[in-house]
**Student:** 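First the structure, then my questions, so here it is.
Everything numeric here is computed off the predicted structure, so don't read it as measured data.
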Amino acid sequence: MDFSFGPDDEALRQEARAWLTGHLAVEPSPAAGRAWERELGAGGWIGLGWDCAPGTYGNRTAPLTGQVVWAEEYSRARAPARLGHMGEHLLAPTLIAHGDPAQRSRFLPAIARGEEIWCQGYSEPGAGSDLAAVRTAAVRDSGSRSYRITGQKLWTSFAHEADWCFLLARTTEGSRRHHGLSLLLVPMDQPGRIEVRPIRQLTGGADFNEVFFDGAEARTDHVLGGEGHGWRVAMDLLGRERGPATLAQQIGFAEELARIVSLARETGAAAEPAVRDRLVRQWAELRTMRWTALRALSGTDLRGAPSVAKLLWGGWHRRLGELAVQVQGPPAAVGQHDWSEEHPYELDALQRLFLFSRADTIYGGSAEMQRTIIAERVLGLPREPRP
């Protein structure tokens with residue numbers, strides 16, 4: 001496996017580091033939401049991994065090693081979570097692969113400029129990780145160039161911020177499982193037809209949402225990959241979820257682990273053999289995940305690699321949250337302030353880690369579904385019976 005960084009990568013690293021340092025230090029900081037997305041777009045940092053000629057849609061491109069460099073520096077700078085992740089890393093490459101010229105020209109420049117935010121309409125009540133069980137329907141209006149969408153999506157990240165949604169829906173009445181599905185590009189600004197309800201989480205935040213579609217409109221020329229081909233397009237899109245950002249994610253994991261190791265020394269928990277053993281295991285497993293990710297990104301054909309990666313890091317991060325509570329001891333159960341209207345629910349970083357990581361083995365494809373995929377598609381075991 002050859003995954004080394006060359007002179008061009010190191011030059012990009014210095015440029016990225018300097019740009020992030022300068023822009024994150026600005027007061028008042030632009031590092032929030034839409035303003036930050038526009039800053040990234042103006043700096044040319046959106047679309048590095050798009051498979052197109054540099055500048056085609058207002059973006060610049062970089063080889064895989066350069067994309068890893070940017071992702072690593074972004075994580076090291078502790079830059080803010082991206083509102084534009086869905087559009088840049090999931091929809092845009094899928095548009096380049098499956099979209100027609102008009103769709104690419106309409107949507108890609110706006111994503112590259114950081115001007116339009118996207119959300120993903122996949123999961124539904126009763127069909128979270130079983131994507132083929134979606135029931136949201138899109139009926140084509142007779143004599144018009146639009147669909148009317150009726151249904152509900154669940155756990156939709158940043159739907160309350162999004163301008164558009166790429167949504168999987170049934171366009172063939174009476175179809176079952178993966179047949180008769182289409183991937184629609186739906187504008188979110190449709191009062192009375194689209195309702196977004198934030199879901200309050202254990203951490204106190206509300207980044208996930210329920211989205212209700214009651215006759216929402218989508219144009220027929222905004223079907224990605226053609227009507228009835230939604231399953232193929234959706235699977236290709238999901239395969240793009242675990243790219244260079246996986247390595248950046250691991251940098252964040254390493255920082256969390258280092259914080260827990262330091263706390264274990266302070267509290268004396270590191271003197272306990274069981275705690276030391278867990279700390280060493282977390283470190284060793286994180287290194288294994290890094291080399292596995294590098295091997296997959298280098299082009300090595302690893303069957304089921306996305307499912308293996310999700311299964312590994314989801315369980316690892318959840319165990320890290322549990323370890324954080326164990327190292328903190330009794331203070332982990334106590335809030336940072338006495339209750340008040342100003343501070344009704346305030347947690348420290350490790351308390352948030354513990355609570356949010358409970359969802360790591362569920363969202364993005366549950367651990368049970370990943371094991372099923374590995375069993376059936378990699379090991380060739382008999383398929384589970386499905387209704």
Side-chain angles (χ1 to χ4, degrees), residues 1 3 49 51 64 85-86 89-91 93-98 120-124 126-136 153-155 157 166-172 175-183 224-226 228-247 249-250 285-286 288-319 359-387:
M1 176 183 67
F3 197 93
D51 186 14
L64 182 58
H85 170 80
M86 296 287 185
H89 296 294
L90 298 185
L91 178 64
T94 310
L95 272 168
I96 292 170
H98 298 280
Q120 179 182 32
Y122 275 19
S123 296
E124 295 185 5
S129 293
D130 186 8
L131 190 56
V134 299
R135 292 177 293 180
T136 295
K153 296 295 179 177
L154 191 62
W155 308 119
S157 300
F166 50 94
L167 178 143
L168 193 64
R170 294 202 173 276
T171 49
T172 301
S175 62
R176 290 175 56 82
R177 301 301 297 169
H178 58 275
H179 301 288
L181 297 170
S182 299
L183 194 70
L224 186 53
H229 298 291
W231 182 257
R232 174 174 58 87
V233 178
M235 290 300 98
D236 182 60
L237 186 148
L238 287 176
R240 304 175 188 277
E241 281 191 318
R242 317 192 216 290
T246 302
L247 293 169
Q249 178 192 54
Q250 292 171 12
E285 289 171 1
L286 182 59
T288 301
M289 285 193 289
R290 175 175 174 78
W291 289 112
T292 301
L294 288 172
R295 186 181 176 197
L297 289 173
S298 69
T300 303
D301 185 16
L302 299 176
R303 295 181 62 198
S307 292
V308 171
K310 176 59 171 66
L311 193 60
L312 288 175
W313 75 252
W316 184 93
H317 202 224
R318 182 168 175 168
R319 292 192 298 275
D360 283 337
T361 56
I362 301 172
Y363 71 81
S366 69
E368 291 78 9
M369 288 299 298
Q370 303 307 328
R371 291 189 179 97
T372 297
I373 291 171
I374 294 168
E376 296 178 356
R377 302 181 188 177
V378 179
L379 302 178
L381 297 177
R383 294 177 61 86
E384 282 192 350
R386 292 179 172 86

**Student:** With heavy-atom distances below 4.5 Å as the criterion, would you say the side chains of Leu224 and Leu95 are in contact?
**Tutor:**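 They are in side-chain contact.
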**Student:** For a side chain to side chain contact (heavy atoms under 4.5 Å, CB included) check, start with the C-alpha distance between Phe166 and Leu90, then their side-chain angles and the critical distance, and finish with the verdict.
**Tutor:** CA-CA 10 Å; Phe166 50 94; Leu90 298 185; 4.3 Å; yes
**Student:** Between Gln120 and Leu237, does a side chain to side chain contact (heavy atoms under 4.5 Å, CB included) hold up when you go through it step by step?
**Tutor:** CA-CA 11 Å; Gln120 179 182 32; Leu237 186 148; 3.6 Å; yes
**Student:** Is any side-chain heavy atom of Leu311 less than 4.5 Å from a side-chain heavy atom of Arg371?
**Tutor:**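 Leu311 reaches Arg371 side chain to side chain.
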**Student:** State the CG-OG1 distance between Asp236 and Thr94, to the nearest 0.5 angstrom.
**Tutor:**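 Nearest 0.5 Å value for the CG-OG1 distance: 5.5 Å.
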**Student:** Specify the closest pair of heavy atoms between Gln370 and Ser307, including all atoms of both residues, with the distance to one decimal.
**Tutor:**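 Distance-wise, the nearest heavy atoms are OE1-OG, 2.8 Å.
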**Student:** Is the shortest side-chain heavy-atom distance between Tyr122 and Lys153 below 4.5 Å?
**Tutor:**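 Counting from C-beta outward, Tyr122 and Lys153 never come under 4.5 Å.
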**Student:** Examine distances only and state if a side-chain atom of Arg319 and a backbone atom of Gly315 form a donor-acceptor pair shorter than 3.5 Å.
**Tutor:**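 Pair found, side chain donor or acceptor close to backbone of Gly315.
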**Student:** Any cation-pi pair here, Lys310 with Trp313, using under 6.0 Å and within 45°?
**Tutor:**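 That pair qualifies as a cation-pi contact.
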**Student:** Do His317 and Gln249 make a side-chain contact, defined as non-hydrogen atoms from C-beta onward lying under 4.5 Å apart?
**Tutor:**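 A side-chain contact under 4.5 Å is absent here.
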**Student:** Can you measure from OG (Ser182) to CG (Leu167) and round to the nearest 0.5 angstrom?
**Tutor:**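 Going from OG on Ser182 over to CG on Leu167, the span is 10.5 Å.
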**Student:** To the nearest 0.5 Å, how far apart are NE2 in His229 and CG in Leu183?
**Tutor:**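 The NE2 atom of His229 sits 12.5 Å away from the CG atom of Leu183.
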**Student:** Roughly how far apart are Leu91 CG and Ile96 CD1, rounded to 0.5 Å?
**Tutor:**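 Taking CG in Leu91 and CD1 in Ile96, the distance rounds to 9.5 Å.
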**Student:** Once rounded to the nearest 0.5 Å, what's the spacing between atom OG1 of Thr372 and atom CD of Glu368?
**Tutor:**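 Reported to 0.5 Å precision, the distance equals 8.0 Å.
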**Student:** Quick check: closest heavy atoms across Ser157 and Met86, and the distance to 0.1 Å?
**Tutor:**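 Closest approach of Ser157 to Met86, heavy atoms only: CB-CE, 4.2 Å.
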**Student:** Kindly indicate, with the supporting measurements, whether the criterion side chain to side chain contact (heavy atoms under 4.5 Å, CB included) is fulfilled by Arg170 and Leu181.
**Tutor:** CA-CA 4 Å; Arg170 294 202 173 276; Leu181 297 170; 3.5 Å; yes
